[in-house]
Amino acid sequence: MENQLNTLFSSFESEEITFFADLILPIPVPKLFTYRVPRGMADMLKIGARVIVPFGKKNSRVLTAVVAKLHNSPPTAYQARYISEVLDEYPLVTGYQLELFRWMAEYYMCCIGDVMNVALPSGLKISSQSKVQVNPDFDYPELLTEFEGVLLTELKKHPALSYEELGRLAGEGTNVPALIKSLVGKKAVIVFEEVREKYIPKMIRKVRLHPNYEEKEQLLVLLQRLEKLPKQQEVVMRYLSYVPMQRNPDLNQKGLDKAILNQDDELSQSSLTTLIKNQVFETFEVIQPRFSDNAAPQVEIKLTDAQRAASTQIMTQFESQNIVLLHGITGSGKTEVYIELIQQALDSGSQVLYLLPEIALTTQIVVRLQRVFGDNMGIYHSKFSDNERVEVWKGVVSGQYQFVVGVRSAVFLPFDNLGLIIVDEEHETSYKQHDPAPRYHARDVAIMLAHWQQAKVLLGSATPSLETYFQAKQGRYGLVELFQRFGDATLPNILLVNLQQEKRQKTMKNEFSSALHAALEANIERKEQSILFQNRRGYSPYMQCEDCDWTAECPNCAVSLTYHQRDAELRCHYCGHKDQVPRTCPTCGSTKVRTIGFGTEKLEDQLQIFFPESKVLRMDLDTTRAKNAYQQIIQEFETGQVDILVGTQMITKGLDFDNVSLVGIFDADRLIHFPDFRATERAFQMITQVSGRAGRRAGRQGTVLIQTQNPQQPILQKVIQNDYKGLYEEEIQERQDFNYPPFCRLIKLTVRHTDKITSHRAAERLAAELTDALGSSRILGPEEPLVERIRNQFLFDILIKIERDKVNIKAVKAYIQDRINDILTDKGLRQVSIVADVDCL
DNA sequence: AGCACGCCGACT
DNA sequence: GTCGGCGTGCTC
């Protein structure tokens with residue numbers, strides 16, 4: 001007997017039952033949290049599924065978490081709490097994604113919860129709402145105040161109410177949270193969290209004939225019966241004209257959109273309601289995908305010989321390389337090559353991800369791709385709603401979308417069988433997430449993804465980043481070049497305009513050189529379009545007093561305020577602070593307060609004065625805030641009534657306009673002399689990209705005018721000659737001499753605190769400790785960044801340079817993290833914030 | 001992150 | 001005397 005029991009028990013225990021789950025919680029804490037798995041859940045709980053757990057003291061919060069690990073070793077230091085609910089029967093997050101999360105958290109020195117937070121579209125995160133309910137066991141109404149009594153009476157009428165609902169019912173001026181708190185204290189009510197999925201499938205209401213009338217005879221009887229009710233008869237007839245069930249009775253099953261049948265006249269609406277009431281029609285709902293069915297018209301893409309050659313070369317190189325760089329000049333038609341390769345990858349049964357910078361995705365390219373791939377293509381874009389993003393996510397899981405075009409965050413989609421990842425405009429800095437953690441680079445993440453799934457990566461650019469080109473030169477990446485413009489279009493003729501000379505000869509018209517002014521005039525005459533580039537928004541970046549040199553500055557940040565004429569206000573581009581424009585100088589009272597420098601707004605203004613008959617559009621952050629503003633501007637420009645488009649770097653990407661024959665570039669010197677080791681590279685990329693907007697149509701050469709104080713600068717000469725390789729050789733030498741990427745890895749630590757002394761002390765200590773361990777040649781700073789105060793926080797940067805090889809980078813990062821944690825536990829420095837930016841740009 | 005707990009100023 | 005300010009510490 002005892003023996004039997006023993007075997008029973010041992011078999012029970014040896015069974016692989018999971019009792020504990022390690023969870024990723026959406027909070028910035030660098031560890032997993034262990035929860036208990038309730039008995040009934042044990043066999044259905046999967047790694048990668050979402051669960052709901054109680055969190056924090058009391059039952060203060062409920063959170064959605066993702067299961068990272070299942071095991072049965074109880075935690076020793078604490079009593080694990082129970083998981084309260086399982087949300088997914090099947091894993092929502094795949095094994096590949098969990099691996100990616102872990103890798104990113106380690107590589108980018110952030111918390112895995114932060115990674116999960118950006119990875120999951122918020123529609124898949126769970127929202128919880130506090131609800132209030134009466135306690136049925138409460139029977140001491142004499143304890144309540146008058147207000148509490150009123151609230152309780154209100155509550156009794158409903159099963160449960162949210163705070164907002166209560167607020168509405170209780171009327172203005174009632175302090176609902178306080179009342180609830182005291183009611184909870186008196187045990188009169190219970191507060192609980194209602195959890196619900198945010199994702200709501202779009203439903204459409206449909207109607208169909210009651211099955212009774214699917215038989216022909218019955219239908220005829222019905223129509224006869226309705227003879228005296230012409231309006232109702234008409235509705236039935238209309239239904240039959242859309243759903244010809246006389247021929248095929250099965251069609252009735254699918255029914256018809258209620259909206260179609262109603263056809264916006266009220267009479268038929270009421271008739272339909274009656275028919276439904278009399279059970280002639282029945283209504284039902286179906287899930288409507290938000291992305292309408294665009295059956296692919298299967299447009300044939302014809303490659304030019306050059307494109308064909310490039311595509312073949314890429315395929316050949318993929319045999320021996322996992323990563324290939326396609327270096328193709330602007331307008332060489334890289335997209336067609338991509339399409340060809342995407343098609344091949346899809347044909348072989350694998351998934352494809354095509355990454356684009358945010359702004360490029362808003363443009364014509366999506367339409368072109370859609371024409372080829374139709375509804376097999378998912379689009380993942382930040383301007384899409386949560387629900388739409390969840391549908392793309394689910395479409396990837398279900399296999400509906402084998403191919404996704406998307407921005408940075410599309411690397412987080414649940415692919416499990418990638419064959420090809422394309423990173424277009426590979427050099428684009430917007431691939432690097434800057435502000436909230438994880439500060440990841442989508443190109444580099446894509447390369448890791450591809451590595452895990454044995455996929456190939458194609459990097460494309462007209463002006464590759466030095467890092468990438470270096471890898472290609474070293475033979476670590478393949479390299480394919482496409483130097484012929486599509487359809488025999490020639491590269492634009494780039495001319496430099498000497499501003500010093502024009503100023504001396506007094507030929508400047510405000511910010512416009514006479515050369516640019518004349519070119520614009522001629523272009524307008526010819527009814528051709530022009531694009532003007534000035535990488536600075538607003539009217540003017542400074543407002544200054546001529547008498548005392550006072551300048552308008554942001555009270556929270558160490559920057560001058562930019563004057564915005566349209567709203568007649570001064571604005572800080574760092575924190576958003578707004579100020580009125582002073583009529584007189586606040587320090588000396590002088591009325592000579594002038595604007596200095598110019599932004600896109602001022603250019604727009606001056607153009608209107610120079611060319612009052614012409615239509616001028618401006619495209620920058622200020623004019624594209626609204627949802628569709630960007631497309632609207634593009635469309636308006638495309639249809640041709642617009643003569644001149646003024647814009648910031650927004651206009652540099654992906655815009656293909658046939659009729660643009662002139663590009664003007666302002667303030668090139670400011671781009672070139674920016675105090676950053678990448679300034680030259682950036683300036684070259686930017687100027688080349690903008691120039692590429694000119695003359696994309698065959699048979700006519702476009703013109704680019706660059707206004708500069710010094711036309712002799714070597715970088716401008718290289719731009720003129722389209723000499724990327726020359727620029728590369730020169731830059732790479734400098735990078736080597738001064739040990740900058742790609743010869744080292746960079747990690748930037750930013751220390752922030754409201755008190756400058758404290759901030760500085762923390763930074764000094766951190767730098768000193770790091771220097772001790774890593775050597776002074778690897779540590780730069782602490783140094784005040786260009787803008788040393790943002791939102792009233794004083795900043796200090798420490799730059800860490802680590803060799804690319806022979807150094808255990810993981811260990812170095814772990815050490816840095818240790819030192820940071822150390823400082824954060826110091827009594828005097830605890831509330832400083834220190835963020836690490838790995839591979840900072 | 002967000003929430004509770006805790007210790008000091010201006011109010012009934 | 002208290003309400004509430006935000007510094008500090010913790011969350012399985």
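A note on names: the letters A, B, ... follow the listed sequences, proteins ahead of strands, and every chain is numbered from 1.
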*Show the numbers, then the answer: is there a side-chain hydrogen bond (donor to acceptor under 3.5 Å, both in side chains) between A/Tyr107 and A/Asp839?*
CA-CA 10 Å; A/Tyr107 186 88; A/Asp839 298 337; 2.6 Å; yes

With a non-hydrogen cut-off below 4.0 angstrom, is [X] in contact with a base, only sugar-phosphate, or nothing?
| X | value |
| --- | --- |
| A/Pro75 | nothing |
| A/Tyr35 | sugar-phosphate |
| A/Val53 | nothing |

*Apply side-chain contact (heavy atoms from CB on, under 4.5 Å) to A/Asp822 and list each qualifying residue two or more places apart in sequence or on a separate chain.*
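With sequence neighbours excluded, A/Asp822 shows a side-chain contact (heavy atoms from CB on, under 4.5 Å) to A/Arg765, A/Arg819, given in chain and number order.
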
_Non-neighbouring partners of A/Thr758 that pass side-chain contact (heavy atoms from CB on, under 4.5 Å), sequence neighbours left out_ =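 With sequence neighbours excluded, A/Thr758 shows a side-chain contact (heavy atoms from CB on, under 4.5 Å) to A/His753, A/Asp755, A/Leu829, A/Val832, given in chain and number order.
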
*Interface limits on DNA chain C, where chain A has a heavy atom under 4.0 Å of a nucleotide atom*: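 Extent of the interface on DNA chain C: C/dT8 to C/dC12.
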
*Does the pair A/Glu106 and A/Lys813 meet the rule for a salt bridge (charged side-chain N to carboxylate O under 4.0 Å, His left out), with working shown?*
CA-CA 8 Å; A/Glu106 183 181 289; A/Lys813 283 175 186 166; over 6 Å; no

*Rounded to the nearest Å, what distance is computed from the NZ atom of residue A/Lys57 to the C1' atom of nucleotide B/dG6?*
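Taking atom C1' of B/dG6 as the reference, NZ of A/Lys57 is at 11 Å.
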
*Gap between atoms CZ and C1', on A/Phe55 and B/dA4 respectively (whole Å)*: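 Atom-to-atom, A/Phe55 to B/dA4, this comes out as 13 Å.
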
*When the ring planes of A/Tyr108 and A/Trp103 are compared, do they come out parallel, tilted or perpendicular, using 30° and 60° as the limits?*
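Taking A/Trp103 first and then A/Tyr108, their aromatic rings stand perpendicular (interplane angle over 60°).
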
_Show, in sequence, the C-alpha distance, side-chain angles and deciding distance for A/Arg408 and A/Glu428, and conclude whether the salt bridge (charged side-chain N to carboxylate O under 4.0 Å, His left out) test is met._
CA-CA 11 Å; A/Arg408 189 169 68 200; A/Glu428 258 307 309; over 6 Å; no

